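Scroll down for the structure; my scribbles are underneath it.
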Amino acid sequence: MSTTQQGTHSLAFRVMRLCKPSFHVEPPFRIDPTDLFVGEDIFDDPLAASNLPPLLSSHVSKSTDSSDLTYGDRFLLHHPSDAMGFSGLLVLPQSFGAIYLGETFCSYISINNSSNFEVRDVIIKAEIQTERQRILLLDTSKSPVESIRAGGRYDFIVEHDVKELGAHTLVCTALYYDGDGDRKYLPQFFKFVVANPLSVRTKVRTVKITWRTNLGEPGRLQTQQILGTPITRKEIELQILEIPSRINLDRPFLVHLNLTNHTDRKLGPFEVCLSQNSAHEEKTVMINGLQTMALSQVEAFGSTDFHLNLIATKLGVQRISRITVSDKREKKSYDPLPDVEVGIIFAGFNIQYMFSCHLKLVNISSHMYING
Amino acid sequence: MLNPARLIVTMDEPFPTTDPLTNQFGSLNDLVHELATLQDLATRGSWRSILDKVSLARSLNLLTNPHDNLIYLSYNVLALSKLRRFTDASNELDSLHDFNSHHYKYETYPQLYPNRSGSMVPFSLRFIQAQLRIKLGNRQEGLDRFYLLLNFICQKIKEKECNNLEESVNIWKKRENFVLNCLIGHHLGAKEFNVCLDLIKDLINRDYLDPVLVSKLGYIQMQIGDLKGAKGSFNRVETMLNEGKNDGYSFLSEVEFRNLVNRNKALVYLVGKDYVSAVREYEECIERNNTDVVAINNKALCLMYLRDLSDSIKVLENALERVPTMAVNEAMVINLCSMYELAYVNHSEIKRTLSNWIARVVPDDFDASCTRV
């Protein structure tokens with residue numbers, strides 16, 4: 001259908017972000033017929049125990065036979081793990097989703113000829129426009145697409161490493177001869193915003209971070225070099241190496257720590273305690289036993305590992321606050337460690353079936369596994 | 001053939017009674033009034049017909065025994081749940097008040113169930129009750145119910161073990177396994193991956209060294225980006241296949257096991273963006289078993305990532321035509337509709353055609369909103 005109206009195009013762009021697909025998860029209402037046909041305690045009866053299983057298994061194998069064209073699989077369990085509703089079937093991304101600095105933007109772009117006439121000599125361009133720059137992703141100027149038939153399509157996939165925050169626009173343009181022989185220009189714009197995935201605080205000159213997210217999609221960031229007045233290195237450094245993933249109320253637990261001596265002389269002996277803050281707030285996580293722990297001297301540039309025996313007196317999210325190390329000989333205390341939040345659970349339940357309270361890193365994206 | 005239980009009854013009891021559960025085991029209808037019909041309707045996905053049948057049976061007072069009533073109620077609740085009428089299902093369950101009440105124990109009706117004791121509540125009601133809470137949006141309460149159910153099952157197992165009821169112990173252990181699998185699914189849906197990993201590793205470390213379970217561990221590892229862990233899990237599964245460890249796994253046929261290994265390989269290629277090799281693995285699966293819907297669906301997605309949208313659409317359309325009862329699942333239809341939306345400017349028309357075709361084929365519980373028409 002030809003038209004002299006401006007703005008009526010034979011071509012149109014269709015765009016879909018191609019991040020990795022996800023696994024489909026949907027716990028279903030699928031059951032074992034044993035749990036539907038009879039009472040739950042019927043197998044206590046020896047007669048039922050011997051006679052029911054053959055009846056049930058003959059029935060089940062009949063109805064889940066793959067040559068049987070019924071919907072048995074939507075209702076009966078074929079394998080016990082069918083109850084998870086997680087078969088390895090993949091689904092395409094259903095929305096644009098969030099995109100973060102350091103990731104690769106990938107998109108399927110399809111240019112469709114929805115008119116009844118062929119279009120010719122199509123010059124297609126795809127660019128990313130940000131505040132600072134315009135990056136060319138695709139350009140068919142040197143070899144234009146000769147023709148796209150009526151109802152036809154031309155597809156391409158573009159990729160771009162995202163290196164800037166904020167507003168981005170995918171600009172798709174097509175320059176073509178339409179059915180009337182008119183040279184037409186079609187621009188289409190698809191906007192998205194790039195966010196910061198991590199809040200990074202650095203103590204060294206630069207930090208390089210790599211990660212993998214949904215189905216191993218990689219991302220990487222490197223901070224700028226930190227310039228400015230050099231920061232005096234701490235004499236000693238105390239760090240937490242490991243906290244148990246499950247901490248029970250009123251049950252002692254061990255926190256694994258490391259003390260490192262960054263100086264060129266032997267330091268110590270030391271004492272470690274949980275010091276009070278100025279408000280003298282009641283602590284809900286305390287040292288189990290003697291309130292100060294003695295550590296022997298640490299050699300120049302050496303380190304020592306130790307465990308603090310702690311106990312939590314309240315449920316829920318609590319803090320291990322103000323782990324402080326002091327040098328007994330030089331009679332000075334170092335700055336306490338920042339508070340650490342932990343989840344305290346009730347040990348009355350069968351311990352296998354607890355919710356695990358895990359620490360959340362400062363992490364804005366929905367899920368991420370950090371390498372190294 | 002004389003039934004010894006019946007003999008005892010007529011000798012000891014003043015009234016001639018029939019234990020409706022002793023003359024069973026020949027067929028489903030011996031267990032429950034017209035159970036075979038109910039079950040047939042359920043496997044066809046004719047849930048609305050089930051609602052009708054239950055309603056009719058109730059109004060005609062055909063359900064004379066407490067166990068008949070309970071099982072008809074179970075089918076009714078299941079049908080309502082399948083039709084996504086979660087509030088109605090929940091209300092019907094609430095009408096039972098307390099599953100542990102003596103009303104639902106065999107020993108309460110010695111005339112009807114002589115020499116039998118214990119709960120006549122079908123176990124699926126307990127599962128459905130927990131699942132409904134989650135479907136109704138009360139996720140925390142639903143999860144709590146599942147965890148409480150696990151504790152309940154643990155008590156039952158201990159009880160049956162003490163009384164040397166071996167068959168019962170096995171059944172209750174199966175139920176424990178089932179509930180753990182449900183929990184993994186729910187935690188997975190909420191992206192609580194650490195809990196999922198703990199639970200699934202726990203299952204695997206028990207007797208359930210099961211290739212399907214180990215594969216699913218691999219999928220979870222993959223989902224969170226732990227590719228090394230995922231490859232390790234898939235290697236374990238392949239080793240199990242090569243060592244012929246299929247005797248214990250009556251769940252998996254030889255073909256299913258081989259396809260599982262191929263599909264796992266395909267996923268590794270897929271995350272490495274080697275879509276060509278992934279397609280090749282999936283094609284091997286499809287050749288072995290042309291109803292392997294996971295392979296068909298995932299192959300179609302790979303084709304799309306290879307810029308071949310036309311073929312990806314053809315693969316899915318072809319599956320729907322060829323094996324509709326297997327292929328017509330909501331996730332695959334969603335994928336096909338996404339592809340239509342990309343391929344056609346006027347995609348509403350083609351989606352409507354798909355939607356109409358589907359409506360003629362699907363079971364009652366199919367969620368047609370997946371076509372986004």
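Just so you know, these numbers come straight off a predicted model, no measurement behind them. Letters A, B, ... are given to chains in the order of the sequence lines, protein chains preceding strands, and every chain is numbered from 1.
Only the side chain of B:L267 comes within contact range of chain A, with at least one heavy atom under 4.5 Å from a heavy atom of that chain. Contacts of B:D365 with chain A are made by both backbone and side-chain atoms, with heavy-atom separations under 4.5 Å. Looking at B:E166, neither its backbone nor its side chain comes within 4.5 Å of chain A, counting heavy atoms on both sides. Contact annotation for B:I296: neither backbone nor side-chain heavy atoms come within less than 4.5 Å of a heavy atom of chain A. Residue A:P54 does not touch chain B at all, counting heavy-atom pairs closer than 4.5 Å. In this structure, the portions of B:L342 lying under 4.5 Å from any heavy atom of chain A include both its backbone and its side chain. Neither the backbone nor the side chain of B:L70 comes within less than 4.5 Å of any heavy atom of chain A. Both the backbone and the side chain of B:F178 come within less than 4.5 Å of a heavy atom in chain A. Residue contact with chain A, scored on non-hydrogen atoms closer than 4.5 Å, is absent for B:V169. Both the backbone and the side chain of B:V361 come within contact range of chain A, each with at least one heavy atom under 4.5 Å from a heavy atom of that chain. There is no contact between B:E159 and chain A, counting heavy-atom distances below 4.5 Å. Using a 4.5 Å cut-off between heavy atoms, B:F366 contacts chain A through both its backbone and its side chain. For a residue to count as touching a neighbouring chain, one of its non-hydrogen atoms must lie under 4.5 Å from one of that chain's; by this rule B:S215 does not touch chain A. B:A295 does not touch chain A: none of its heavy atoms, backbone or side chain, sits under 4.5 Å away. Of the two parts of A:R153, only the side chain, counted from C-beta on, holds a non-hydrogen atom closer than 4.5 Å to a non-hydrogen atom of chain B.
Of the residues considered (B:A42, B:S310, B:S338), B:A42 shows the highest number of contacts with chain A, using heavy-atom pairs under 4.5 Å. When each of A:V25, A:L92, A:N112, A:I157 is checked for heavy-atom pairs under 4.5 Å with chain B, A:L92 comes out on top. Among B:L188, B:L35, B:L309, B:L38, the residue with the largest count of heavy-atom pairs under 4.5 Å with chain A is B:L309. Note: B:Y305 leads B:Y305, B:W172, B:Y344 in heavy-atom pairs under 4.5 Å with chain A. With respect to chain A, the highest number of heavy-atom pairs below 4.5 Å among B:A331, B:C182, B:G45 belongs to B:A331. Among B:M120, B:M332, B:M339, B:K105, the residue making the largest number of heavy-atom pairs under 4.5 Å with chain A is B:M120. Across B:V32, B:N329, B:I171, B:L270, the residue that shares the most heavy-atom pairs under 4.5 angstrom with chain A is B:I171.
Looking at B:Y106 and A:I42, their side chains come closer than 4.5 Å, going by heavy atoms from C-beta outward. Within the 4.5 Å cutoff, the side chain of A:F29 has heavy atoms near those of the B:I128 side chain. The closest side-chain heavy-atom distance from A:M84 to B:L213 is below 4.5 Å. Put simply, the side chain of A:D44 reaches to within 4.5 Å of the side chain of B:K160, judged on heavy atoms. Between A:R246 and B:D198 the shortest side-chain heavy-atom distance falls below 4.5 Å. The shortest side-chain heavy-atom distance between B:L31 and A:L52 falls under the 4.5 Å cut-off. Contact check for B:T43 versus A:Y71: no side-chain heavy atoms found under the 4.5 Å cut-off. A heavy-atom distance below 4.5 Å is not found between the side chains of B:I71 and A:F37.
Side chain of B:R175 to backbone of A:E40: a donor-acceptor contact under 3.5 angstrom is found. Remark: side-chain polar atoms of B:K216 are paired, donor with acceptor, to backbone N or O of A:S81 under 3.5 angstrom. Of the possible donor and acceptor atoms, one in the side chain of B:N298 sits under 3.5 Å from a partner among the backbone N and O of A:G88. Judged purely by atom type and a 3.5 angstrom limit, B:N297 has no side-chain atom pairing as donor or acceptor with the backbone of A:L89.
Taking all atoms of both residues into account, the shortest heavy-atom contact from B:L78 to A:L36 is CD2-CD2, 4.2 Å.
If you take CG on B:L28 and CG on A:L56, they are separated by 7.5 Å, rounding to the nearest 0.5 Å. Taken from CG in A:D32 to CZ in B:F127, the straight-line distance is 11.5 Å, to the nearest 0.5 Å. In this structure, CZ in B:R116 is found 4.0 Å from CG in A:D45, a value given to the nearest 0.5 Å.
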query = Could you walk me through whether A:R74 and B:V362 pass the side chain to side chain contact (heavy atoms under 4.5 Å, CB included) check?
reply = CA-CA 11 Å; A:R74 288 176 71 93; B:V362 294; over 6 Å; no

Residues B:M222, A:K20; criterion side chain to side chain contact (heavy atoms under 4.5 Å, CB included); working and verdict
CA-CA 11 Å; B:M222 207 167 239; A:K20 286 256 169 40; over 6 Å; no

### Message
Between A:F43 and B:L165, is the side chain to side chain contact (heavy atoms under 4.5 Å, CB included) condition met? List the steps.
### Response
CA-CA 8 Å; A:F43 291 90; B:L165 298 164; over 6 Å; no

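A distance below 6.0 Å separates the ring centres of A:F75 and B:W47.
The pair A:E159-B:R307 does not meet the salt-bridge criterion, since no charged nitrogen lies less than 4.0 angstrom from a carboxylate oxygen. By the 4.0 Å N-to-carboxylate-O rule, A:D35 lies too far from B:R126 to be salt-bridged with it.
Taking B:H347 as the reference, nothing meets the ring pair (Phe, Tyr, Trp, His ring centres under 6.0 Å) condition, with sequence neighbours excluded.
For the residue pair B:Q223 / A:S22, no side-chain donor-acceptor distance below 3.5 Å is found, with atom types taken as modelled.
When the shell of 6.0 Å around CG of A:D161 is examined, it contains more than 12 heavy atoms from other residues, nucleotides or ligands.
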